[in-house]
Visitor: 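I am attaching a structure below and will ask some questions about it afterwards.
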Protein chains: 2
Amino acid sequence: MTEQTGVSAQYIVERVWLSIAERRLRPGVQLKEGQLAAIFDVSRARVRQALSALERDGLVTIIPNRGAFVCQPSVEEAHDVFFVRRAVERCIVDRLCKSISKANVTRLRTHISKERTANAQNVTTDIIKLSGGFHLLLAEVAGSDFLFATMRDLISRSSLITAVYRNTNRFNCGPDEHADIVEAIARGDPETATKLMEHHLEHVETELDLSEIRDQPHDLKSALA
Amino acid sequence: MTEQTGVSAQYIVERVWLSIAERRLRPGVQLKEGQLAAIFDVSRARVRQALSALERDGLVTIIPNRGAFVCQPSVEEAHDVFFVRRAVERCIVDRLCKSISKANVTRLRTHISKERTANAQNVTTDIIKLSGGFHLLLAEVAGSDFLFATMRDLISRSSLITAVYRNTNRFNCGPDEHADIVEAIARGDPETATKLMEHHLEHVETELDLSEIRDQPHDLKSALA
DNA sequence: GTCTGCATAATTGTAGACAATCACTACTAT
DNA sequence: ATAGTAGTGATTGTCTACAATTATGCAGAC
């Protein structure tokens, strides 16, 4: 080996994902292979793997012979992502009400306490990761790897949509509504739980400003810092 | 360029996909890069792209430093795929009942007539493609690219599950049940339409033999012929 | 006879070099 | 002045060679 490889493709994916979620990378920005390879000190081949994975997650669009660009999800797509989320997560919650172990209820409650801590301390990175992580955790305790992977995909796209369209600085996917859902699940109340989940997702969606798109490309290096 | 490239990565993906759906490639079979490169007369790099795409679609599993293998979806995963399909497709049908254009109704009816033709002539390849294609078409007329991509993923996994677990030689996702759903949509009857779709998916799922797994690796070249 | 260790063969992973394509600029002709 | 065009630089796409890892077969000891 001529030189020690810098980082894994997965690391690059997470780093870019976070930069997009935190709005340091704006939609439309081109992610040039050579640039990323230099920043992370890896070969272009590995950057290509990472970009391919990011495309799969719906965070970047790869145009042949042009390059990879941070996605600009349309308003229609944004609505459809939440459409699918409502459909799937309502069923997940319903299933959990009928069969959830005490250990898993504890896991959910523990997660929410972490969310509260992050919100209290106002650590943006943690807030973003944990608020999405709650929905992921629901999928994890509800079913197989497939359900988890499906939700992972949906959450990833939701993050991008939130980054593009949210108009406040606060993240609206807060721990309070999550807590209510968990308690409804804990006492096995599917009607309330599914209704709460639907309201929660509608709430998140309606707080977005789905009318304008703002995009001004800026410096890549500083955004990934 | 030293030599004319043989085929695109997409072509390899479709070819392998069909081989899996037609049960010529059984779960557990290793798809060696060199072997595929020789069969399709392309470089290993392109084979790698195809295998990566197949992994994304849930048809093969890539184990680092080991290789790519045709997936053996677990019974639990099989149930969860249909769980998500029920959740999503019910909502799609519901949405279509409330807003579908006459042109799209015609497209659906045309598709069903194609299905009937394929069934009458008993062309296995067409039957497989068209029966999945119906559900894809529903997603296409219902929403954005995202909805279509989501259903594409689900159909792809369903094909693998059907290939692994179906115990009859006939494909149970037949045109008759599809036709009933379309007619319910055409007259704007969400109650009937959603119920028919749920029954249809339950029907497909219950006809599978979700108790045993059969897998005996065999020759790769002949399976792709 | 079975298990262990080693050498060999086969397969996957990675990087770098080269080819093809695209964007941009400057120049020319109308 | 403007539209079209050739040239140049930059970026992506692909292939091939090499490194690392894993599987396989064989010899030897218990």
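Sequence lines set the chain letters: A, B, ... in the order given, protein chains first and strands last, and positions in each chain run from 1.
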Visitor: Can you name the side chain to side chain donor-acceptor pair (under 3.5 Å) partners of Glu55(B), sequence neighbours left out?
Guide: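 Glu55(B) satisfies side chain to side chain donor-acceptor pair (under 3.5 Å) with no other residue.
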Visitor: Mapping Gly34(B) and Ser43(A) to their closest nucleotides on DNA chain C, which lands nearer the 5' end?
Guide: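 Upstream on the strand: Gly34(B).
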Visitor: Output the rounded distance in Å from CZ (Arg46(B)) to P (dA19(C)).
Guide: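 The answer, rounded to whole Å, is 17 Å.
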Visitor: Who are the side chain to side chain donor-acceptor pair (under 3.5 Å) partners of Glu77(A), not counting sequence neighbours?
Guide: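 Side chain to side chain donor-acceptor pair (under 3.5 Å) check on Glu77(A) returns nothing, list empty.
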Visitor: Who are the side chain to side chain donor-acceptor pair (under 3.5 Å) partners of Arg85(B), not counting sequence neighbours?
Guide: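 Applying side chain to side chain donor-acceptor pair (under 3.5 Å) to Arg85(B) gives Glu89(B), His135(B), Ser158(B).
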Visitor: Grab the CZ-C1' distance between Arg48(B) and dC15(D) for me, whole Å please.
Guide: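 Going from CZ in Arg48(B) over to C1' in dC15(D) covers 14 Å.
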Visitor: Contact list please: residues 49-64 of chain B against DNA chain D, heavy atoms, distance less than 4.0 Å, in numerical order.
Guide: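 Within this stretch, Gln49(B) sit under 4.0 Å of the strand.
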Visitor: Could you work out, with salt bridge (Lys or Arg N to Asp or Glu O under 4.0 Å) as the rule, every residue matching Arg66(B), not counting sequence neighbours?
Guide: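 Salt bridge (Lys or Arg N to Asp or Glu O under 4.0 Å) list for Arg66(B), sorted by chain: empty.
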Visitor: Whether the side chain of Arg44(A) and the base of dG13(D) hold a donor-acceptor pair under 3.5 Å is what I'd like checked.
Guide: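 Answer is yes: a donor-acceptor pair is held.
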Visitor: Using ring-ring contact (aromatic ring centres under 6.0 Å, His included) as the criterion, list what pairs up with Phe134(A), not counting sequence neighbours.
Guide: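 Testing Phe134(A) for ring-ring contact (aromatic ring centres under 6.0 Å, His included), a comparison that skips the adjacent residues, returns His178(A).
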Visitor: Among pairs that include at least one residue of residues 144-154 of chain A, which meet side chain to side chain donor-acceptor pair (under 3.5 Å), considering only residues two or more places apart or in two chains?
Guide: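 Listed once each, the pairs are Ser144(A)-Asp80(B), Asp153(A)-Arg157(A).
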Visitor: For Asp57(B), enumerate each residue passing the side chain to side chain donor-acceptor pair (under 3.5 Å) test, keeping only those at least two apart in sequence or located in another chain.
Guide: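 Testing Asp57(B) for side chain to side chain donor-acceptor pair (under 3.5 Å), a comparison that skips the adjacent residues, returns none.
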Visitor: Give me the distances for all protein-to-nucleotides 5-11 of chain D N/O pairs that come in under 3.5 Å?
Guide:
unit_1: dT11(D); atom_1: OP1; unit_2: Lys32(A); atom_2: NZ; d: 3.1

Visitor: Please check if any side-chain donor atom of Ser131(B) sits under 3.5 Å from a side-chain acceptor atom of Glu115(B), or the reverse.
Guide: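 Side chains of Ser131(B) and Glu115(B): no pair found under 3.5 Å.
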